[in-house]
Structure formats: structure tokens, C-alpha cells
Amino acid sequence: MSDRSPRADNPNSVVCNICGIAYTLPEDEIVGNLPNVLLCSHIFCTTCLRSLEFNNVILCPECKSTLPEGGVEGLQVDSRIIGLIYTAKMNKMKSKMLPVAYLLCCLPLQTLVKGLMVQVKREKARLLMEIDEAMDRAFTILNRRKGALVAELTNMEQHFPSSRRELGRVEERMRALDTAMQKAKQVGQHPSLESYCDLEQLLETLQASVDVQSFDLKCLSLGSGLSCIAQQDALGRSLKAYKKIYIFVYMWVMVTHVVNPNHFYIRHVAEQRACILLSKKINSLCSGERGLFTASDILETGSTVFVKWKEGMWCRATLTELFQRGHLDPVRSCPVPELHRVRVYFQDYGFCKGIALDMNERLRRVDVAGQSEMSRWLPQAIKCSLKDIVPADLTKGWSAEAQDEFRRVVGSASVEMQVFGQERGALLVDLKKAPMDSGSSNMPMSLREYLVFLELARYIHTQGSRPLQFYLPVFPRTNVELNAVVSHIDTPSHFYIQLVGHTQTHIHSTDDQDLEVYCPVLDQACVARFDDKVWYRAHVIGIPGGRKVEVQFVDFGNNKILSVNDLRKIKDEFFALPAMAIQCYLADVIPLEAGETWSEACIEKFKSLADQRLVTAVATGKTGRTGEFSFHTALSCIKSKDTQAPVVDTTVWDPPLEGLLGDSEPAPTSLGQETPEQDQDPQEIQPYLMLPTNLKDLRVRLTHVVSPGSFYVQLLQMDTQLKRVYELLKQEYARTEPQEIEWKADMYCAAYNNGVWERGQLCSPVSLGCIAEVVRCDFGNKVELHMNNLRPLLPSLVGCLVLECSLSEIRPAGGRSTWTATACDFISYYLTGAMAIMTIKENTEQRPVPVSLYCSNRAGQDVSIADFLVSEGLALKERKTPNTENQPPNPSSDWSVSPRPLSTAPTPPKPAPRTNPSPEKVKTQAYCPPELPHCGRTLMTISAIGEDGLIYAMTHHAGRQFEQLRERLQQHIKTLPRLKPYTWKSVLGCAVMGSDMLWYRGEVLEVIGGHVKVRYVDQGLVENIPVCHVYPTVLCEDIPQLCMPCQLHGVIPVGRTWQWDAVALLKELLLNRCVDMQVMELPEDPLGCLTVQISLDGMTLSRIMVHHQHASVDQAIASTQELVVSSHLALDDWDIDTEGLEDPEPVPRVFSYPDLPEKGERFRVRIKHLRTPNEVFLYPLDGSSCVESDGESLEEALKRVHDRIDRLAMLSDFAIEAPCLAEYSDGKYYRAKLLGFAGLNPVKILVRHVDFGSDDTLPTHKLRQIPAHLLQFPCKAIKVRVAGFRPPRLNLEKERLSYRPEWSLKAALEMIDLLHSCCTASVTATEPELSVFLYDEDGALVYLPLVEKGLADFD
């Protein structure tokens, strides 16, 4: 009974475990009795610690703890107990407001509860001392009796019946008073309820006097009568009627199991030591034979067992489901021998797990002593739920992404938990963890707010009102001169000013952690930190994602994308001032070309004149756009603080005189000219994409990426139009039904994809009831949809809001004309769904449009995607042609039309036209042929497999030479030779730079465009190499080729050439593998192919290729093979005496089967094996089947062979249906036949035991050659088909046989039970397979119960 660290929700934690006196706080001059924490984590009061202290050492009940320098006064106090005492004190002060009757009733209640706790603690302390003394005197005896003694004290509160009785009276009186007060309160608020309650009885209850003396408090002085042991947690259960109150308690916990954010389990970090002790206790109880099950034990659901979770780790668990053998549904109780599997709930971790039963290996029972020990430990896993949040989509529930994000954020580290209360057996909490990014503050991150910010969850009580907004700016009066400062400029038609006198806009400090913003929303007012580390007022205008927000500074007008960490909640006093920035545009001024936007030069000129300067302006009027003023073009002057500013020609503020005289229309008409965006009605639907006139720095979203030369983007400024189109599609097609329409290619349609109506275009014609391939018009990618999800698209909605683009100024790497799969996958992984800044190089009707694309990296810098691909080696810079290299870029105009006045500067001389030099004629010789080995066996390493099936092999000596040659080649060529054009027709030998940037010897096979097809002469590999990596020279010509081409002996490939699947099998079996090779024939040409026979684990490669039907046996070689072998033997002159030797008798190569009676005749059988319900192996039991050979039976012959199994040779011939001896799991050998190859690496053979009918997969070393006399015995397992029934047409069973899915597992189990009673059979057919009827003891067909239960049908 070791001490435990007290918990905040345990009533025992406010009383000292030694003296039983409650902890108190110091008040005025009264010295309190504080809870002090020792270094061993045990907690005792100050008075007890002072009495135990001796020589700066305190004797703890379990350990010795050295005090710090300050002694007892220097120990830390337990903040949780202090918080509970303070909370109880505050609740006591609040209780003074209750009625007098309630207070009088609480006085004896508190006295009884407190007295009962002190009474139990005192008795417990006394009994613990007695136990310790008894164990010191007789330790061995107490070890046997301790469990029984502890079991007698499971319900300690029953030994105080008087106290319990008085406590029940007080609680009953309190409940009556509480109910009466609630009714009185409701009647006072709603007088109409008077008719539904008895007011006289209500007043009688409230006015009844409470006499403190009426309660018998003498019962607190009575003892329990016990004198041996007391259970530590027993008295705590006597107070289970008390309701737990959590007053926002903070504690550190670890999450052990997560079902979803509303259902997870935690463990207290403070109880980590208690968990370790519990684990040791469980492991000690499971050691030895103490908890083993017996055959008479019966398990029931809800009982506690010990489960082996990991190796050497036992845990306690509760049985939730029991599955008995032969039953598919769980049962409530089951004997241990019939138990198949169980499902348990781990009390200390919170999760359930199914366990395939291995009795006494993974499951142990809990005896009486163990139950007593386990009752002292409360379940360590506590069920919790995040407070006030629900899934983002209530119909679908918690998504897998939300659950994965919850697990990723929490992890296995400890987190801070805030408890709000309890509901439905779960704590309502919030988990807080340190921020994951290093740039954030030290403020813990709320997991609730984090999930809501990621839109994976939402709060239950969503506030419908808009966030608090800033006051609109104070607009100036029209036609009045005013002084202002231009605070921000986008264009002359969109800039912001601040009136003079309203420029105090920054906030000095907002470092309060309580003001941090975790989940910003649109239009939320806040303060944001700018680049100068100063805080300014702002409001949120966009949430791009990635914990980034876009804000607008309301006192300046500029926008900026910031991290959420740079936002703070704004205090109420900062709402008093209105916004300072007034949105304006220049009146009577439009761009030079109607319908065009302001040019960059004009914007920069306007910024240089007015940005951040004091100006005098006149407001001419307010437009329909909210908060936008027009200012007269003729600003009186520009006042600059810089007196040394250069003189600026102010005439640029007015329209040029030539322009005014040349206009065909009067000037007032130009006021009505607006850009297409201004003319557009906000409510008008724009179904197609209209590019803005300013093609630079467009903010886009990449929706679909195919390659750097083809990707699709959406303009963010068109999001409003896209949303309107989707809303209209939903209104039009949400309640429509499919129509019979002839869908043709390129037809526009409304497609229902993933629950959303979208615009699409068919790629090909669609037939009735088929799947259609549809291009998503607003995203660019293709999807496959059923034609029932398609509707005809309204003509007014035809169009697309996506633009196909391509990266300009780059081209594919490696001399290819198309992009590699690596480049496509790379750019698709990083750009799909990303936000970017795009500039259109040339706006043409052709698609894709050439663009330049920039994305932000982790450091917040804009990176060119084209330059990034070049730096990664996936692209090359586009070559510029000479005629366009010296011309200024003008993507928006045709090259032949000059948009600017011609320059008078002299034209630089044009470079001379480039001429390609003629290719240099080079001729090289081939490398020397390899040194061929002698005929016979040798070990060789396979270096390559050609596409034509040739096998390139290298001897061990050649392998060592290759390592030396590679180092020698690098010394010959240390740099890349200068690239020159060569004629490759006469080049045979060459030097090749491989992918590892090392030089190798090669042989030119073919020239393909800018690539050369070469073969590495020392390895056999064939590759296409760029011309720049091939050099026409012969290196180390004194060394012959180190690898030799080989071909298999005795086989002919299917179609006379090795197919691609055969080559793939050869690569899987041979590549980079050392094999046993027998050279059968040497070629006449030194560069020709060797004819070889390769052995893999005792099998020839030729036989493997024939087995997989990639080749056939060459009959000409097979017929002459014996003759060739004999001729080789004849070459040796051996003097061998062959007299007396006889030719061995031919050994039969197949098994024999016993003869069965004629058709229709019944005979007794024994079922040996069941494969399916209608496919079994049987053996006749008539006398003729008992065959003996030389006076011994088959069992005796097998036993005799097994005793001398080491003398039998390993099996070397693996022909199908060939007989052999196969090792079974019991270590003995039985007769079997080969069925085929089950695996090739390593080689495994599928065999069938002919005397039992079962199949097995064995390696080759477990197969032996069968002696001839064992083949004389007939097989004892005959495969037959049970006639009369077949698999059911409608099978509702979920568990099926994996090798025969048409049969259910339940049908197989039922058939096994039925065959136990089967005794007779009759043959019904012998062709095409042996079929029989099976009868039970009564003469009825055995399969009839299967048909009655719906597990089979009549055939």
C-alpha cells in the first residue's frame, strides 16, 4: 500500500496523510498548516515535517529525502491543494447568500463529512502502522495473507453505519430544500406556474426549522473494530454522492488515445510515477503460474483480465466482447477452452483492441488478491472532450484530416489541459501546447482555436453578428481647399490621403498575451505589426491560408500579408477614433488610351510627386463607391518639407495641350470614360475570363499543373465572379433530374462533382449508361463522371474562368523536346493549389500563354519558378535568337510596330551570321574481345541483362580488374573535352561519362538525334547518352572487354525472341547476383555469345523459364544430350570393371490410387481433408485398401525411411506431378507431389501431401528424393467433387474463403461438422473429374442442411 501523489479531484488531498489534519492557509497572525512537497513528490503538512526532521533529513514512509538549505520552510507548496483550499473558501463566502435553512443544514453536513474523513484517516493511519509492524515480524507469512486481508477491507464505509445513516438524512434534507428553492424561483419569475405546484407544501418545506442538535454527531467518535489493515481509497468511495466541481483547473497531461476531438483519453503527468508502480505490480502478478487459466474457468464480459500488450509488458483490461468457437456473434460468457478471440478495453490507455486468443500466453486471469490490489488503483485513462466545438460538416462528422491533425499537434509530449466541467462521463477541456513555429510568442496555442482556424471544426455557438468595425473616416466638404498627406498610392485612380491634424495612428505597445489572435475572421478589427515593429490599427480583408492573413491598415490604406503572430486584439478605447485613410481618385483624369489601365511609368511618376507628401487638394464630390472621393486634377501646389528638392515641371499634372486640341470630343465627355471594371454591374454574371489591361503582378491561384509548359491558374480578382457562377449553378441544377441527351464531344455541361455543381466540357462522345470524361472549365483538370451527373449547360453560363499558361524563357533539360516526368511531378507537387504572382509576357489568342511566375519561399522572398527549375537541373534557359536579342521587350505590341518615337542614336553593327563548322571525321577501333573461360562450371556475376535477353556475365577476376580499370580511366580524362561535331559512323570504341560523372569504356551502337546509343563494354549496359558526354577515343586498349554475353542452353524463347516480361523475370532473378554457371559451348567468334546453363538454388534457369511459359525446350538438344554426355565420358580412359553390374529397375514417376467400387455402389469412406464444401479428399475403408509391401505397411515404411533421412539425396528435378518426400511442420517426412513454383526469390515449391490432401509451400532443402518402394503404396487421399449442390447465387456472408470466394467461411465450417457423421459414399461420375454422393448414418445426403440454411443451392 504505497503512497500516491494526491490528485486535485480527490477529497483526501486536502488532509495530511500522517496526522489527518486538514491543510489551512495563513491568515493575519495565524500560522497556516501548508502542504509541503518533498523531493520524492510526497506531500505532508508543515507540523508533521518538523516533527520528522532530524539532522536535515526526513524519514519518508518509503524513502529518505534530503531537505534544501532552507529546511522545511524552503520546501515548495502544492499549488493544486492551495487552489482547492482557496476555492472552498470562496465558495463558503458565496454560500452566505443562501437561505437560513440551507445554511443551518450545511453546518452539520460539513461537520459530518469532515469528521468522517478525519475518522477514516485516523483509523487508516493506525492500521497501516500495525501492518508494517506485522510484516517486519513475519514477512513470509504476510506475503501469503496480504491479498486476503486487503480483500476484507474493500468497503470500509460499511464499518461506520451510524455515520452513513446520519449523512443520508442530511443529504435528503438538502435535496428537498434545493428542489423547493428551484420551484420558488421559477414561480417568482413566471407567476403562471402557480397552478402547477402546491404552494402550501412548498412554503412548509422552506419554513421548516432545522435544529442542529437533531443530528447525531456522536457517531463520529466510534471506531471500526478492525485491527489489521485499511484500504487507502475505500473511504473515498463513500463520498461518491458529491459532485466534482472543476473551477478552470490547469494541469499537465499526456494524450494516450484519440478517437476524435470530442472523444480522447489523457493521463496526468503528475501520476507518471504511480503508472510505473502500477505496471510493475501487474508484471509481478503475471509472473509465474499465479494467473494461468484452467479448463474449468469461465470468462464473462465486463470482467477484468491481464493482457500482454507488448513483450514484457502486461496491462489490465476489461473484456468487452467474447467470441466462442463456432459462433459468429459475440456471447456474454464462454468457457476458456471454447474461447476463440476476445476484444478488450485498456483501462489505463483508453483504447479497445481485438486479440486472437492464445490462452495463458497473452491473457491471464485476476484472482481475488489481484482484484484487491487493482481496486486500489483508479483507471489511469480519463475520457475528455474539447469544449464547445463540433465538426466543420455535421453531416459527415469528424474528418480524417481533423483526427490526424489532432494527433500530429498533440503527439506524445505533455500538454497543458484546462478543465471547464464534466458532461456525460467526459471532462470538458481545452488542450494548450507551445507554438510549433519558432517565430511565434511563448503564449500556448489553444487546440480548439487551432482546429477552428484550419476550418476542421467550428464552435457550437456561432455569433451571427458582424465583428465590431471602425468608424468611417471623416469625409471633407466638397469644393473646399484642405491640406492632406498622401499616405498610400496604388494608381492615380486609387490612393489614400490623411487630413492634416489626424496623423497620430500608431499604438505604442500591445504585448499582452491575452490579446493574441488565434482564429482571425474576415472584417475583424485588430492591430497589426508593420515592418518597423510598430503596431497600427487594421482590419482583416483576406485569409490566404498557412496561418497568414491579409490586412489593411485603416489609417494608411496599404495592404500587407502578415503572420497570425503579428496580430493582436484591439482594445475598446482605440475604436473611438475613426479611420484616418480616405480613399480617393483624381477627377477628370483617365489613362491615355480608353479602356487601358495606368502604365507603370505613370504610376511611378505620380508616386514621386505625391507619395508621403503634404498637398493641397479640393474634393469635387463623392462617387457611388462607398467612401471614395474625387479630387480635382488641378492641385494648387505640392508642399514639400525638403527645401533642397529638385525643381519639378508641374505641367505634367495637366493634360498635354496637343491632347486637348486633338480630341474629337469635348473634355466633359472624358469624365464618363471608365475602365471595363467600372462599367460592369456588380450583380451581372461574367461567365468567361477577361484579362485586365495591366498584365503585370497578377495574383493567381494554381488549380492544375501538368508540366512547366502547361498549367492552369485562376485570377484572385475573379473569385467573386466564380462564386456567383457557382451559386447560380446550384440554384439552377440542385433539384433537376437526369435527361436523355445525346452527349457529343466538346459539348458544355453542368457536372455534379464531389457534391458541387461545376461547369464542364466533354472530351469525347458518351453512350447511354457510361462514364464520361469531363474537363472542369474553371480548374483545367479532367474527371470521370457518370452521365447521370451531367446536365445541359445554360448558354448564358458557357465559358471558363481559368487560364492555361506556360513558363517562358526556359526549355526542357537533356536536349529533350518534352518535359521529363521528374520535372512534371516536381512542379506539380510544389505548385498545385499554391498562391503566386504572375506576369503575362504576351497576351495572344493561342494557349498556353507565356508567363513568368513567382512564389514565396519559407523566408518570405519571392522566387522565380523558372529560375528555380533551372537551379534544380530540370530546365535550361531558352536560347535567344540574334534578331531579337538587342530589341527592347514589348509583349503587348507587335514587333513590327514601334510604340515609341524612333531614337536618333546610331544603330550598332549587327554581328556576322553564325556558320556551323563541318563535322570532324573520326575513326576508332573496337575494344579487344573478352577472354573466354573453359567449358565447365564456374562462378560468375551477372552485370546486365540486355533488352534482347542476352546475359552479360563477369568472372571474379574480371570484377577485380574492373575496379582497377575505373580508377585508371579517371586519370586519363580529368576534364570534359571540348565539344565538337563528329561523324559517328566510323566510331566503334569510345569513352562515356556515366550518370555518376565517371568515365567508362563504351561501344557506339546508334546515333539518335542529339543522343548516342552506347553499350558499356565492361558491364554490358546499354544507354542513350547525350553527345556532349561521349568522346570518340579508345582508352586502355590493352585491356580486353571484361564482360561476356551469354545465352541459355537448351531452350527456345517464345516467338524466337525474348519478350519484355521474360526479360523482366531474368533481371529479377539474375541482376547483380553471383550464380553457378556451366559453360556448355564456346562461340566461334570471340565476340559471340557463350552457351551456358545457370543454376539457381539447385534448379536450372532454363527449366524456370520453361515453367513460366517464356520458352520451350529445344527437342534437338534434349534428344542428343545423353549422346553428347556419353561421348564426353568416352574421352577419358578409365579401367573400370563393370562385370556383375545390372541395370536398375525403372522407378515409377507417379503415385497410384486405389480402385473404387462401380457407380451407384455405396462404400464406407473416411474424409481426410476439406478444401471447399463441395471439394474434399477421402479414402475408402474396404479391406482392399490396406496394402502392404514386403510385409510392412506404409506407416512402418515411412518410419524406417525417416530414421535414415540424411542418406536420401536432395530433390534436384522439379517436374510437375513428380513424387518426393516433403517435411511437415512436425519435422517428419511424408509422401508428396509437386504442384508448381510458389516463389522465386527465394525459391519455394508448392506440394500436396498425397496421403492427407493438404497443400504446403516449402523451400527446396525440405524436399528429398523418394525411395522406389514407397511408390508401391497407393495414395490415401483421393480428390473428389461432392455432387448435388453448388455455391449459392445470393451470398450475404461477409467472410469468404480467400482461394474460393464463391464459398463462405460459415458454409465451410458447417460442412466440416456435417462430415463428422459421414460414413458412406457412391461414385456418380469419373469424367471430367471424379464425383461422388456422400451420405450420413441415416442414409441422407450430407449437404441438405447447407441448402436449408441458404449456404448452398441445389445443382
Side-chain angles (χ1 to χ4, degrees), residues 926-962 965 988-989 1000-1003 1005 1014-1022 1039-1059 1062-1106 1110-1125 1127-1129 1131:
Y927 289 98
C928 298
E931 297 179 356
L932 302 180
H934 299 289
C935 292
R937 291 187 176 275
T938 182
L939 292 177
M940 303 189 74
T941 302
I942 308 301
S943 59
I945 304 294
E947 297 300 328
D948 52 357
L950 288 181
I951 303 171
Y952 292 89
M954 182 187 302
T955 63
H956 286 192
H957 176 67
R960 292 190 294 269
Q961 277 189 308
F962 177 72
L965 175 64
L988 297 178
Y1000 298 92
R1001 301 192 302 175
E1003 175 187 4
L1005 301 179
V1014 299
R1015 180 178 67 85
Y1016 296 86
V1017 297
D1018 300 316
Q1019 295 170 289
L1021 299 174
V1022 177
I1039 300 178
Q1041 301 181 23
L1042 300 180
C1043 70
M1044 294 162 283
C1046 307
Q1047 61 183 4
L1048 293 178
H1049 171 72
V1051 293
I1052 301 176
V1054 175
R1056 296 290 178 179
T1057 58
W1058 293 104
Q1059 305 299 321
V1063 175
L1065 180 61
L1066 290 174
K1067 290 181 179 180
E1068 180 182 356
L1069 294 176
L1070 301 178
L1071 201 58
N1072 299 324
R1073 184 175 179 179
C1074 183
V1075 298
D1076 183 10
M1077 182 180 294
Q1078 182 177 3
V1079 180
M1080 307 296 295
E1081 183 181 355
L1082 297 177
E1084 298 179 359
D1085 185 5
L1087 293 176
C1089 297
L1090 297 174
T1091 302
V1092 299
Q1093 190 72 272
I1094 299 176
S1095 298
L1096 298 175
D1097 297 334
M1099 289 188 299
T1100 61
L1101 180 61
S1102 301
R1103 185 175 294 275
I1104 295 176
M1105 302 305 292
V1106 171
H1110 294 310
S1112 58
V1113 179
D1114 190 352
Q1115 298 298 332
I1117 296 179
S1119 60
T1120 60
Q1121 188 173 4
E1122 296 182 359
L1123 180 61
V1124 172
V1125 173
S1127 63
H1128 280 291
L1129 296 176
L1131 297 177

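Position 1 is the first residue of the sequence; numbering continues from there.
Between T955 and M1044 the shortest side-chain heavy-atom distance falls below 4.5 Å. Side-chain contact between R1001 and L965 is present, with at least one heavy-atom pair separated by less than 4.5 Å. Side-chain contact between V1092 and M940: absent, with no pair of heavy atoms (C-beta onward) separated by less than 4.5 Å. Side chains of V1075 and L1101 form no contact here, defined as non-hydrogen atoms less than 4.5 Å apart. Between R1103 and V1106 there is no side-chain heavy-atom pair separated by less than 4.5 Å. When side chains are defined from C-beta on, P1053 does not count as touching Q1059, because their heavy atoms never get closer than 4.5 Å. Residues D1076 and R937 meet the side-chain proximity criterion, which asks for heavy atoms closer than 4.5 Å. Contact of the P933 side chain with the M1077 side chain is not registered, since no non-hydrogen atoms from C-beta on lie closer than 4.5 Å.
Using a 30° and 60° split on the angle between ring planes, Y1000 and Y1016 fall in the perpendicular class, above 60°.
For H956, the NE2 atom sits in a packed shell: over 12 heavy atoms of surrounding residues, nucleotides or ligands are nearer than 6.0 Å.
Smallest separation of non-hydrogen atoms from G1020 and C1043: N-SG, 3.6 Å. Considering all non-hydrogen atoms of both residues, P1040 and D1018 come closest at O-OD1, 4.2 Å. A pairwise comparison of heavy atoms in L1066 and G949 identifies CD1-O, 4.1 Å as the closest pair. The two residues L1021 and A944 come nearest to each other via the heavy atoms CD2-CB, 3.6 Å. Scanning both residues, C935 and L1082, for their nearest heavy atoms gives SG-CG, 4.0 Å. Taking all atoms of both residues into account, the shortest heavy-atom contact from S943 to M954 is CB-CE, 4.5 Å.
Between the CE atom of M1105 and the NE2 atom of H1110 there is a distance of 5.0 Å, given to the nearest 0.5 Å. Atom CG of residue L1042 and atom OH of residue Y927 lie 11.0 Å apart, to the nearest 0.5 angstrom. Separation of atoms CD (E1068) and CZ (R1073) is listed at 10.5 Å; rounding is to 0.5 Å. With rounding to the nearest 0.5 Å, the separation of CG in L950 from CG in L1048 is 10.0 Å. In this structure, NE2 in H1049 is found 8.0 Å from CG in D1114, a value given to the nearest 0.5 Å. Rounding to the nearest 0.5 Å gives a distance of 12.0 Å between CD1 of I942 and OH of Y952.
Salt bridge E947/K1067: present, at least one basic N to carboxylate O contact under 4.0 Å.
Residues satisfying the side chain to side chain contact (heavy atoms under 4.5 Å, CB included) test with L1087, not counting sequence neighbours, are P929, P930, Q1041, D1085.
No side-chain donor-acceptor contact under 3.5 Å links T1091 to the backbone of M1080.
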Checklist entry - Can you list the steps and then say if I1094 with I951 is a side chain to side chain contact (heavy atoms under 4.5 Å, CB included)? => result CA-CA 11 Å; I1094 299 176; I951 303 171; 4.0 Å; yes
